Amino acid sequence: MRVLVVDDSRAARAILKAALRACGHDEVIEAEKGLEGLVRLKRSDTIPDMVLVDWNMPEMDGLEFVKRVRSDHAFDGALLMMVTSETNPERMVQALEAGANEYLMKPLEREGLIEKLRILSAVTD
C-alpha cells in the first residue's frame, strides 16, 4: 500500500513514517505543505492508497486538502486520515463531513495509529 504523509512537522512525518513501515507500508511519500501534497498526489504515477494529512499547515490547510482531493474523482478510492492536534469535536465533524475516512489526534501514539489503520483495513502485516 502506497501512503502519502502531508505534515509540516518533520518530527511528525518521521513518527508516522516509522509507524507505517512497522505496519508493512514500505512505500511512504512525504510532503511538507498542503499544496505540495496535492501536487505530489496529482503527479504520482501510482495514486497513493492512503493519505495522512495534518490540519494546520502553511499554504493549504488539511481541511482544504481533503475537500480538494474529494472533489477530484480520480482519487475516489484513496483513504484519507486527518492526523492533527485539533481536538475540538466540531473539527472532527468538519473533517469527516469533508470526506476524511478517519481522524487521529496528536500527540501521536503508535498504538492509536495502528488502531485507526485497522479500522480502515490498512494494516498489511
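Predicted, not measured: the structure shown is a model, and the values here were computed from it.
- The nearest pair of heavy atoms linking Ala98 to Leu63 is CB-CD1, 3.7 Å.
- With sequence neighbours excluded, the residues satisfying salt bridge (charged side-chain N to carboxylate O under 4.0 Å, His left out) with Glu59 are Lys33.
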Side-chain donor-acceptor contacts of residues 112-120 below 3.5 Å, not counting sequence neighbours, with atom names and distances?
from	atom 1	to	atom 2	distance (Å)
Lys116	NZ	Glu102	OE1	2.9
Lys116	NZ	Tyr103	O	3.2

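- The shortest non-hydrogen separation linking Arg70 to Gly99 is NE-O, 2.9 Å.
- Taking the side chain to side chain donor-acceptor pair (under 3.5 Å) definition, one finds that Glu27 meets it with Arg2, sequence neighbours left out.
- Listed by first and then second residue, the side chain to side chain donor-acceptor pair (under 3.5 Å) pairs that reach into residues 6-17 are Asp7-Lys106, Arg13-Glu30, Lys17-Glu30, sequence neighbours excluded.
- Minimum interatomic distance between Val6 and Gly37 (heavy atoms only, all atoms of both residues): CG2-CA, 4.0 Å.
- Shown here for Ala95 and Val66, the closest heavy-atom pair between the two residues is O-CG1, 4.4 Å.
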**OP:** Please test Asp54 against Val83 for side chain to side chain contact (heavy atoms under 4.5 Å, CB included), starting from the C-alpha separation and ending with a verdict.
**Re:** CA-CA 5 Å; Asp54 184 26; Val83 182; 6.0 Å; no
Subject >> Criterion side chain to side chain contact (heavy atoms under 4.5 Å, CB included) on Leu41 and Leu4, from CA distance to verdict >> reply: CA-CA 8 Å; Leu41 185 66; Leu4 172 62; 4.1 Å; yes
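- In this structure, CE in Met1 is found 8.5 Å from OG in Ser121, a value given to the nearest 0.5 Å.
- Formation of a donor-acceptor pair under 3.5 Å by the Asp61 side chain with backbone atoms of Trp55 is not found in this model.
- Considering CZ of Arg43 and CG of Leu38, their distance stands at 10.5 Å, rounded to 0.5 Å.
- Annotation: the span from Arg40 atom CZ to Leu35 atom CG amounts to 13.0 Å, rounded to 0.5 Å.
- Atom CG of residue Leu79 and atom CE of residue Met50 lie 6.5 Å apart, to the nearest 0.5 angstrom.
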Listing, residues 87-94 side-chain donor-acceptor contacts under 3.5 Å, not counting sequence neighbours, or none:
from	atom 1	to	atom 2	distance (Å)
Asn88	OD1	Glu90	N	2.8
Arg91	NE	Glu86	OE1	3.4

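- What you find for Gly62 and Met57 is that their closest heavy atoms are N-CE, 3.9 Å.
- With sequence neighbours left out, Glu97 forms a salt bridge (charged side-chain N to carboxylate O under 4.0 Å, His left out) with no residue at all.
- Here Phe75 contributes atom CZ and Arg68 contributes atom CZ; the two are 12.5 Å apart, rounded to the nearest 0.5 Å.
- Considering CG of Leu108 and CG of Leu52, their distance stands at 9.0 Å, rounded to 0.5 Å.
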Original post:
Under the side chain to side chain contact (heavy atoms under 4.5 Å, CB included) criterion, do Asp72 and Asp76 qualify, and how do the steps go?
Top reply: CA-CA 7 Å; Asp72 189 334; Asp76 282 349; over 6 Å; no
Original post:
Given the rule in the side chain to side chain contact (heavy atoms under 4.5 Å, CB included) test, do Leu80 and Val53 qualify, once you have shown the distances and angles that lead to the verdict?
Top reply: CA-CA 7 Å; Leu80 298 177; Val53 60; 5.6 Å; no
